[in-house]
2 protein chains.
Amino acid sequence: MATISRGRIDKRRAILEGAFAVFARLGYARAGVQDIADEAGVAKPTVYNHMTDKATLFRNAVEAVAQALLDERLAALEPLADPGDDLRSTLEGVADELLRLHTDDRSCALRRLLYSEILRFPDLLDIVKGGGPRLHQALADRLARLALQGRLRAADPDEAAEQFMALLVGPLEVRSEMGTRALPEAELRSLARAAVRTFLVAWGAD
Amino acid sequence: MATISRGRIDKRRAILEGAFAVFARLGYARAGVQDIADEAGVAKPTVYNHMTDKATLFRNAVEAVAQALLDERLAALEPLADPGDDLRSTLEGVADELLRLHTDDRSCALRRLLYSEILRFPDLLDIVKGGGPRLHQALADRLARLALQGRLRAADPDEAAEQFMALLVGPLEVRSEMGTRALPEAELRSLARAAVRTFLVAWGAD
DNA sequence: CATCACTTGAACTCATGGGTTCAAAATAGC
DNA sequence: GCTATTTTGAACCCATGAGTTCAAGTGATG
């Protein structure tokens, strides 16, 4: 076993990963701690040696995944920091990547778990957003910059960011039937282009 | 008890309503059939006398509520059949009503239950949509009519409908934190106006 | 080698909850 | 008013699962 997991840290990570996998598959209530231990390749008491109870196990597992996914989405916004002369195609690239991330299995699972357990774990909201609406803020910042450069209408970067995400994700969520159905690549790209098209009509510089 | 519930039918309705209330509050797994019986003012065997098991109880409860909510939303689209000369304010009225319905407690609960149990009850999707995407279809039809009358850009009514709903509901879902927080009336109206503004820039007749 | 911390499997406790049974009571229908 | 259907409460069976205990094992560290 020394080949795979060395030390407490690796075991902790294995437990959190296993936990998220099982929670994602079965939901909080149906997931058994024994299932999680099996998935993580670990004994049940070991789980309790790292986490005091099922609830904190859940919180930590969700937090770890949410953190990772948030980072990915933030990274996806990077191209907006320095779009070439073709703003449209840069936006489409970002949109494409955001859609790809949004349709990721872990992303869909996280969404399901949040909706499902938000009443019992209200603190998950703050945990997931990681202190303030980081993603929205980052996007709004980028758009504000572009507005200052005269490449977007300057009206309201927050509203623009809100609507950009909505145009992107809303139709996706409907067509994928709440993340149940996988969409073909081509349809994803088409969704991204449609969103950017409307976004630019509304918010592009004349 | 003759004053409240007469006959089997009323009992059945009471059971379905109680079931939805409890499922909404606790989720499928945590909801006990005894809880449901209590909420419905009925004995546990009576529940099993109407529904073979917890799963079909769940399906029927969800179906009843989904049906009612869908009807409400369809009705909310009515004004679009004959908008006055002020298309914008008609759209804003419809948008307002749709937002109101979307923030309704039962609406939020239904959404939570769907996301939560969609993997275990894949058939819920069809049950909820009630045979084809009725709401989307109805909206797209209205928009197509308006396009024919030259009051909207004729490009693609389906895409227009998709984006109209996205612009409305997306920002709402973010701001209300997945239906957790209630928004003040004023903010709802402001959301509706923002959505319609962008929609008309993109899809309004020049 | 000796110590200390951690892991393991298995067994155990205890609470919860789905679903059933049954005899008594209520209700519906005629 | 009489019969057939439902309803009711309470008890019951049984499976599942959270969390614990413990004795034996494993691994690092000095």
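To find a chain, count down the sequence lines: A is the first, B the second, and so on, and within it residues start at 1. A quick note: this is a predicted structure, and the numbers were derived from the prediction, not measured.
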Mapping A:Pro45 and A:Val33 to their closest nucleotides on DNA chain D, which lands nearer the 5' end? A:Val33
Gap between atoms CG and P, on B:Asp35 and C:dT16 respectively (whole Å): 11 Å
Base, sugar-phosphate alone, or nothing: which one does B:Ala31 contact when heavy atoms must sit under 4.0 Å apart? sugar-phosphate
What is the distance, to the nearest angstrom, from the NE2 atom on B:His50 to the P atom on C:dG19? 16 Å
To the nearest angstrom, the CG-P distance between B:Leu57 and C:dG19 comes to 10 Å
CD1 of A:Ile36 versus P of D:dG19: gap in Å, rounded? 11 Å
Let me know the distance between CE of A:Met51 and P of C:dT7, rounded to the nearest Å. 12 Å
Is it possible for you to check whether A:Lys54 lies under 6.0 Å from the centre of the six-membered ring of A:Phe23, through NZ or CZ, and within 45° of that ring's axis? no
Counting heavy atoms from C-beta on, name the nucleotide in D:dG19, C:dT21, C:dT8 closest to the side chain of A:Lys11. C:dT8
Kindly indicate whether the side chain of B:Lys44 and the base of D:dG9 share any N or O donor-acceptor pair separated by less than 3.5 Å? no
To the nearest 0.5 Å, how far apart are CG in A:Asn60 and OG1 in A:Thr52? 9.0 Å
Lys/Arg N to Asp/Glu carboxylate O, A:Glu159 vs A:Arg153, below 4.0 Å: no
If only side-chain N and O atoms count, and only distance matters, is there a donor-acceptor pair under 3.5 Å linking B:Thr46 with B:Asn49? no
Atom pair distance, as rounded to whole Å: CZ in B:Arg30 and C1' in D:dT16: 15 Å
Distance check needed: C:dC4 P versus A:Asn49 CG, whole Å only. 18 Å
Write down the distance between OH (A:Tyr48) and P (D:dG17), rounded to a whole number of angstrom. 12 Å
